[in-house]
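This report concerns only the one structure given below.
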Amino acid sequence: MYNKEKIVVNGFEHIGYEPETYTEEEMISRSASFYNWLDKRRSVREFSDKPVPKEIIENLILSASTAPSGAHKQPWTFCAISNAKLKSKIRVAAEVEEKLGYESRMSDRWKKDLTHLGTDMHKPFIETAPWIIVAFKRVYEFDQDGTKHNNYYVNESVGIACGMFISAIHNAGLVTLTHTPSPMNFLAQLLGRPSNERAYILFPVGYAKKQTFVPKLDRKKIEEVSLFFE
Ligand SMILES: Cc1cc2nc3c(=O)[nH]c(=O)nc-3n(C[C@H](O)[C@H](O)[C@H](O)COP(=O)(O)O)c2cc1C
């Protein structure tokens, strides 16, 4: 990966990097098998309470944290919760927001768009899943002298990190749900996060409940999601 070559750019050390390469045949085979493996991922809403070792969660977070980010600010914090009391508090608060959402905040169109997924205001998986991981975006930072400065492309960076997190979960043989109980301010309060952090996505992580069902969905075909200009 890295070799011994070194150069200095703008006064900063750059190190030689040799990405892994493959033959075209290998690339076709690897890209196809990666796609087929990713295509098996599904959002799961029914979890087993079977424990998952903390080391796995740490590896998942480290995987997410390899994501590219604007100016390499890595503007994310992942809070991992297995504490049953805290999970209960999060469930209660999430269900308050979800109830308001379903009863008054969401448009009829939005609710109609959700009917095929079978979701409702009840979120038992927040207590059942062994881990709840809340990804926070760090909108700004404080320098050592206390000066506040914004991070760059925060949504893009955290979105990419969360996508890599989801893939890492799938790779580990676990499941998750991308859950956004909106608004999510209650999460920063319950977890005592500072004012520069905003909850971004809540991920229950664990094993799927035995005999789990997921909505039968189709994914768009290549010609529906892409245009080639050759
Ligand atoms: C940003 C985002 C927010 C989502 N929020 C919720 C949510 O709050 N509750 C839920 O049940 N699913 C939520 N989902 C999951 C989607 O419904 C799900 O990804 C979609 O139906 C496709 O299913 P699949 O993930 O199994 O491919 C969300 C997905 C994304 C990307």
Side-chain angles (χ1 to χ4, degrees), residues 34-48 60 63-64 67 75-79 81 87 90-129 131-137 139 153-188 190-191 197-209 211-222 224-226:
F34 187 67
Y35 157 59
N36 286 319
W37 169 79
L38 269 185
D39 196 32
K40 296 195 179 97
R41 181 210 57 80
R42 290 304 310 272
S43 290
V44 166
R45 297 175 177 84
E46 297 176 301
F47 284 74
S48 149
L60 300 177
S63 301
W76 44 69
T77 302
F78 290 86
C79 289
I81 305 120
K87 285 195 296 177
I90 293 173
R91 176 186 175 179
V92 169
E95 287 183 338
V96 167
E97 298 299 349
E98 291 284 301
K99 189 167 188 295
L100 283 168
Y102 276 88
E103 287 178 355
S104 56
R105 290 189 191 129
M106 287 155 72
S107 65
D108 288 343
R109 173 68 198 237
W110 190 352
K111 281 187 269 189
K112 193 165 163 269
D113 276 339
L114 289 177
T115 38
H116 72 131
L117 300 177
T119 58
D120 60 28
M121 63 184 77
H122 304 291
K123 306 296 168 190
F125 56 78
I126 296 179
E127 282 181 294
T128 322
W131 290 94
I132 298 298
I133 286 82
V134 184
F136 285 87
K137 62 177 180 182
V139 184
Y153 295 110
V154 172
N155 282 315
E156 293 83 350
S157 303
V158 183
I160 292 169
C162 286
M164 292 173 70
F165 184 62
I166 293 168
S167 300
I169 293 167
H170 182 52
N171 176 60
L174 297 169
V175 295
T176 191
L177 171 70
T178 309
H179 184 37
T180 43
S182 176
M184 292 198 275
N185 315 347
F186 68 91
L187 289 163
L190 282 175
L191 299 169
E197 292 192 10
R198 314 275 152 77
Y200 190 77
I201 291 173
L202 181 159
F203 296 101
V205 177
Y207 297 90
K209 195 187 90 175
Q211 262 279 315
T212 296
F213 293 91
V214 295
K216 187 172 177 298
L217 299 178
D218 292 322
R219 290 186 167 135
K220 289 183 178 175
K221 297 185 180 64
I222 184 76
E224 296 175 286
V225 295
S226 59

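Whatever order the structure lists ligands and atoms in, that order sets their numbers, starting from 1.
Considering only non-hydrogen atoms, atom 2 (C) of ligand 1 lies nearest to Thr178 out of Leu202, Thr178, Asp39.
Protein heavy atom at the shortest distance from atom 12 (N) of ligand 1 is Arg45 NH2, 3.2 Å. Closest to atom 9 (N) of ligand 1, if we only count protein heavy atoms, is His179 ND1, 3.5 Å. Summary of contacts: the protein heavy atom closest to atom 27 (O) of ligand 1 is Arg219 NH2, 2.7 Å. With respect to atom 5 (N) of ligand 1, the closest heavy atom belonging to the protein is Thr180 OG1, 2.8 Å. Nearest protein heavy-atom neighbour of atom 21 (O) of ligand 1: Leu117 CD2, 3.5 Å. Counting only heavy atoms of the protein, atom 18 (C) of ligand 1 lies nearest to Ser43 OG, 3.7 Å. Given atom 26 (O) of ligand 1, the protein heavy atom at minimum distance is Arg42 NE, 2.6 Å.
Looking at heavy atoms from C-beta onward, Leu117 lies in side-chain contact with Arg45 at the 4.5 angstrom threshold. At least one side-chain heavy atom of Glu98 sits less than 4.5 Å from a side-chain heavy atom of His179.
Looking at Arg91 and Glu95, a side-chain N of the basic residue comes within less than 4.0 Å of a carboxylate O on the acidic one, giving a salt bridge. We find that Asp113 and Arg109 are joined by a salt bridge, their nearest charged nitrogen and carboxylate oxygen being less than 4.0 Å apart.
Here the side chain of Tyr200 pairs a donor or acceptor atom with the backbone of Asn155 at under 3.5 angstrom.
Heavy atoms of Leu217 found under 4.0 angstrom from ligand 1 belong exclusively to the side chain. Proximity of Thr119 to ligand 1, defined as any heavy-atom pair under 4.0 Å, is confined to the side chain (atoms from C-beta onward). Counting heavy atoms closer than 4.0 Å to ligand 1, residue Val214 contributes nothing at all.
Lys111 NZ: more than 12 foreign heavy atoms inside a 6.0 Å radius. Under a cut-off of 6.0 angstrom, the local environment of OH in Tyr102 is crowded, with over 12 non-hydrogen atoms contributed by other residues, nucleotides or ligands.
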Under the side chain to side chain contact (heavy atoms under 4.5 Å, CB included) criterion, do Trp37 and His170 qualify, and how do the steps go?
CA-CA 9 Å; Trp37 169 79; His170 182 52; 3.2 Å; yes
